[in-house]
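Reckoned from all heavy atoms, side chains included, excluding hydrogens, waters and symmetry mates.
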Amino acid sequence: MSLPQPDVISLFLRHTSQLAEHCPSSLPLRRAQWLFALAARLEKPCQPEVAAGFRAVLRHCCKLRSMVDGATDPMLPKLNVLIVMAGAYFAQDEQLCCIVDSSELV
């Protein structure tokens with residue numbers, strides 16, 4: 001069953017707003033899975049509120065990544081995937097957009 005785009009957007013925005021509120025110093029696996037799954041269903045180009053949601057995800061993940069202890073931290077893969085997704089594929093980070101061509105990620 002496929003959700004209509006407005007429903008996907010609504011769910012995505014709900015998860016992005018709850019990310020900072022309920023998970024200020026972590027990224028639960030279930031939340032990362034939801035964000036990734038919903039992002040996979042979002043159409044490009046994204047609407048302004050969706051872009052803002054991706055920027056919030058990017059900021060949150062970058063903040064958490066700066067606190068990671070090392071390469072073996074179990075949170076690192078989740079953070080990296082969401083950072084590339086939001087920053088490069090959905091073009092919310094100027095530097096990542098220059099490094100990775102989003103057409104290569106499809």
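Leu29 and Leu38 are members of different hydrophobic clusters when ILVMFWY side chains are connected at heavy-atom separations under 4.5 Å.
In terms of heavy atoms, Leu64 sits closest to Ser26 at CD1-O, 3.3 Å. Minimum heavy-atom separation, Lys78 to Pro28: NZ-C, 4.1 Å. Pairing each heavy atom of Leu27 with each of Cys61, the nearest pair is CD2-SG, 4.4 Å. Taking each heavy atom of Val57 and Leu82 in turn, the nearest pair found is CG1-CB, 4.3 Å. Smallest separation of non-hydrogen atoms from Cys46 and Val50: CB-CG1, 3.7 Å. Of all non-hydrogen atoms in Pro24 and His60, the two that sit nearest each other are O-CE1, 3.7 Å.
To the nearest 0.5 Å, atom NE2 of residue His22 and atom NE2 of residue His15 are 10.5 Å apart. Annotation: the span from Asn80 atom CG to Met75 atom CE amounts to 11.0 Å, rounded to 0.5 Å.
Under the 3.5 Å distance criterion, with hydrogens and angles disregarded, a donor-acceptor pair is assigned to the side chains of Arg41 and Ser2.
Not a single donor-acceptor pair under 3.5 Å links the side chain of Ser10 to the backbone N or O of Asp7. With Gln5 contributing its side chain and Glu43 its backbone, the two residues share a donor-acceptor pair below 3.5 Å. Checked by atom type and distance alone, the side chain of Gln47 never pairs as donor or acceptor with a backbone atom of Ile9 at under 3.5 Å.
Counting non-hydrogen atoms of neighbouring residues, nucleotides and ligands closer than 6.0 angstrom, the CZ atom of Arg65 reaches no more than 12 such neighbours.
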Exercise. Run the side chain to side chain contact (heavy atoms under 4.5 Å, CB included) check on Arg31 and Gln18 step by step: do they pass?
Worked result: CA-CA 9 Å; Arg31 179 79 61 195; Gln18 291 175 351; 3.0 Å; yes
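The aromatic rings of Phe54 and Phe12 lie tilted to each other, with the angle between the two planes from 30° to 60°.
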